[in-house]
2 protein chains.
Amino acid sequence: MTDLRARNRQATREAITAAALRLAVEQGPSGLALVRVNDIASAAGVSPRTYNNYFSSREEAICGGQADQSRRAGDALRARPAGEPLDVAITEAMVGLFTDPEPDRAGLRMIMLTPELEGEALRAFTVGESSLAEAIAERTGESGLRPEVTAAAVVAAIRVAGRHWLTPAANRPFADDIRRALSCVFSPDQTSR
Amino acid sequence: MTDLRARNRQATREAITAAALRLAVEQGPSGLALVRVNDIASAAGVSPRTYNNYFSSREEAICGGQADQSRRAGDALRARPAGEPLDVAITEAMVGLFTDPEPDRAGLRMIMLTPELEGEALRAFTVGESSLAEAIAERTGESGLRPEVTAAAVVAAIRVAGRHWLTPAANRPFADDIRRALSCVFSPDQTSR
DNA sequence: CGCAAATAGTGCGTGACACGCAAACATGTG
DNA sequence: CACATGTTTGCGTGTCACGCACTATTTGCG
C-alpha cells in the first residue's frame, strides 16, 4: 500500500472536493457566491488555510473530483485488451471510466452548466487529455499530432455527451450518449462532404 | 453602420484586452501576479472600475481577444461557398479565421502555456463551439449530437495545433499545423482499428 | 526503540480584488 | 432643446489567496 501520508492527503483532498460540490449543489448555480470558503473548510473538517493548501479557488475545489476522474483516462485505456481496435478500446474505456458509477446528475449539472464554473470545468475535463494521448500513442505506436488530436477530440466529445445527458426529459443511461458522441468522432459524416 | 455606442464599447473592450495581454507578455508567464488591475486599466485609459465592468478577472481580460476571435468561427464557416464539402469548408474557414493575421507567437504562448490562464484559455477557445455547431448544422441539415461533437472536435484540434505551432524550433506557418490537425479529425486512423 | 528530518496542518496578517451603489456624464431621440 | 437610455467613475465593503512562522504528525535510520 502507499504511504500513509499519501493516503491521508488524498482523503483530505476528497473530503474538500466532496464538501465543496455538495455545498454548491445545495445553493444552486445562482447562489454560487454564497458558498464561502469557510463553509467548505469546516464542512470538510479542515482549517480554511488548509483548504487553501489544496485548492486556490472555490471553483477548483468544486471541480476537483471531476478532474481526478478525467486524469484516470490514460489508465482506463491501458486496461483494455491489446488486440482491441482503437475506437472500441477508447469507447469502452471511457464508458467504463465515466459511468462507473453513473455520475450524480445534480453534481454534473452544477459543474457543467454554471457559467462561473465554465473555465474550471473545461480544465477538469481537459486535464485528462495528456494522459489519454500518451496511452493512445503507446497503443498505436504513432507519435506527433495524431494521438494528441484524437485524445482532445475524444475528451471534447465526452463533454458534449455530458451536456446532452443533462438535457431535461432524456432519461437514457450516460453510456448511450458517450457511445453516440464517440461514434461521431470515429466515423465522421461522409455524406455531406 | 452600427451604433456609436456599440463601436465605442467595442473599442474600449479591445483597448483593455490589448493592454492586458501586452502587460502579461511583458512580465512573462511567471510574473502574471505582478500584472495588477490598476496597470491594465491605466494602460487602457480607463478607470479600474470600468475595467471591471467589462471583465471580472485579469485572466478573462487577457484572453478576451482570443475569445472574440473564436466567436467568429460560425460566421467564418458560413462565408464558405455552399457547394464545398464539409471538411474542406471547415478547414479553410478555420485557417482563414486563425491565420489572418498570423497570430503573435508571444501572445499565444502566454495564453496557452501559462498554467494560471489555462481555464480561461480553454474557455476562450470553447466559446466558439456553439456558433460553429450552429453553422455546421445549417450546412449539413443535421441536428442533434453530431454537429456539436464535430464543432467541439474541430475546436479541440485547433487547440492542439496551436500548442504544436508554439513548439520551439518549429517555424512552419500556423496554417500547416491547423490543416494537419484537422485532417486527423476528418480522417481518423483506420489502420490501428 | 528513540531521535532527527521531512511533511502536513494551522493562525495571523496583508495586499489585491470583485462588485454594489449612486452620482456625473455621454449619446441618441422626438 | 429636453428627455430617456446607456456608460464611466469613485467609494466602500466583504471576501479571498497566500506568505510566514509555528506546531503536530509521520517516517526512516542508527
Side-chain angles (χ1 to χ4, degrees), chain A residues 1-21 23-24 26-27 29-64 67 114-120 123, chain B residues 1-21 23-24 26-27 29-64 67 114-120 123:
Chain A
M1 193 181 303
T2 53
D3 232 336
L4 203 182
R5 280 204 159 115
R7 271 181 296 136
N8 278 342
R9 222 183 133 71
Q10 185 61 21
T12 23
R13 184 183 161 89
E14 279 165 20
I16 296 175
T17 61
L21 184 53
L23 292 178
E26 280 178 18
Q27 298 291 337
S30 52
L32 217 190
L34 301 182
V35 179
R36 306 273 213 266
V37 164
N38 277 328
D39 307 336
I40 299 177
S42 70
V46 296
S47 79
R49 189 61 184 83
T50 297
Y51 146 87
N52 216 19
N53 284 340
Y54 283 83
F55 301 98
S56 57
S57 71
R58 280 190 313 264
E59 296 79 7
E60 195 183 338
I62 294 173
C63 300
T114 301
E116 294 98 317
L117 291 179
E118 197 182 342
E120 266 307 311
R123 227 177 66 120
Chain B
M1 193 181 303
T2 54
D3 229 337
L4 202 179
R5 278 197 159 119
R7 272 181 295 136
N8 277 344
R9 222 183 132 72
Q10 184 61 20
T12 333
R13 184 183 161 90
E14 278 164 21
I16 297 176
T17 61
L21 183 54
L23 292 178
E26 280 177 19
Q27 299 291 337
S30 52
L32 216 191
L34 301 182
V35 178
R36 307 268 214 264
V37 163
N38 277 328
D39 306 336
I40 299 177
S42 71
V46 296
S47 79
R49 189 61 184 83
T50 297
Y51 146 88
N52 216 19
N53 284 339
Y54 285 82
F55 301 98
S56 57
S57 72
R58 280 191 311 262
E59 294 80 5
E60 196 183 339
I62 294 173
C63 300
T114 302
E116 294 97 318
L117 291 180
E118 198 182 342
E120 266 305 312
R123 229 179 64 123

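Just so it is clear, the model here is predicted, and its values are computed rather than measured. Order of the sequence lines fixes the chain letters, A, B, ..., with proteins taken first and strands second; residue numbering starts at 1 for each chain.
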For this session: Ignoring backbone atoms, establish whether A:Arg36 has a side-chain N or O less than 4.0 Å from OP1 or OP2 of D:dT15.
Result: yes
Exercise. B:Ser56 near the nucleic acid: base, sugar-phosphate alone, or nothing, with a heavy-atom cut-off under 4.0 Å?
Worked result: sugar-phosphate
For this session: Using only side-chain N and O atoms of B:Tyr51, determine if any of them is under 4.0 Å from OP1 or OP2 of C:dC17.
Result: no
Exercise. From B:Leu21 CG over to B:Ile16 CD1, what is the distance, rounded to the nearest 0.5 angstrom?
Worked result: 13.5 Å
Problem set entry | Gap between atoms CG and P, on A:Leu34 and D:dC16 respectively (whole Å) | 11 Å
For this session: Would you mind reading off the distance between A:Arg58 atom CZ and D:dG14 atom P, rounded to a whole angstrom?
Result: 16 Å
Exercise. Whole-Å distance between D:dT15 P and A:Glu59 CD?
Worked result: 16 Å
Problem set entry | Test item: A:Thr114 side-chain N/O and A:Leu117 main-chain N/O as donor-acceptor pair under 3.5 Å | no
Exercise. In terms of side-chain heavy atoms, does A:Glu60 have a donor or acceptor partner in A:Ser56 at a distance below 3.5 Å?
Worked result: yes
Exercise. Below 4.0 angstrom from OP1 or OP2 of D:dC16, is there any side-chain N or O of A:Ser57?
Worked result: no
Exercise. B:Arg49 side chain N/O closer than 4.0 Å to the phosphate oxygens (OP1, OP2) of C:dC19?
Worked result: no
Exercise. Side chain of B:Tyr54: nearest nucleotide among D:dC16, D:dT7, C:dA16?
Worked result: D:dT7
For this session: Kindly say if A:Thr50 contacts the phosphate of C:dG9, meaning a side-chain N or O under 4.0 Å from OP1 or OP2.
Result: no
Exercise. Rounded to the nearest Å, what distance is computed from the CG atom of residue A:Asn52 to the C1' atom of nucleotide C:dG13?
Worked result: 14 Å
Exercise. How many angstroms lie between atom OG1 of A:Thr17 and atom CZ of A:Arg13, to the nearest 0.5 angstrom?
Worked result: 7.0 Å
Exercise. How long is the line joining CD of B:Glu116 and P of C:dC17, in whole Å?
Worked result: 14 Å
Problem set entry | Sub-4.5 Å side-chain heavy-atom contact between A:Phe55 and A:Ile40 | no
For this session: Calculate the interatomic distance between B:Gln10 atom CD and C:dT27 atom P; express it in whole Å.
Result: 17 Å
Exercise. From D:dT9, D:dC16, C:dG9, pick the nucleotide closest to the side chain of A:Arg9?
Worked result: C:dG9
For this session: Give the rounded distance in Å between these two atoms: CZ of B:Arg7 and P of C:dG28.
Result: 8 Å
Exercise. Under 4.0 angstrom, heavy atoms only, what part of the nucleic acid is B:Phe55 near: base, sugar-phosphate, or nothing?
Worked result: nothing
Problem set entry | Sugar-phosphate, base or nothing in reach of B:Asn38, heavy atoms under 4.0 Å | nothing
Exercise. Roughly how many Å is it from CG in A:Asn53 to P in D:dC20, rounded to a whole number?
Worked result: 14 Å
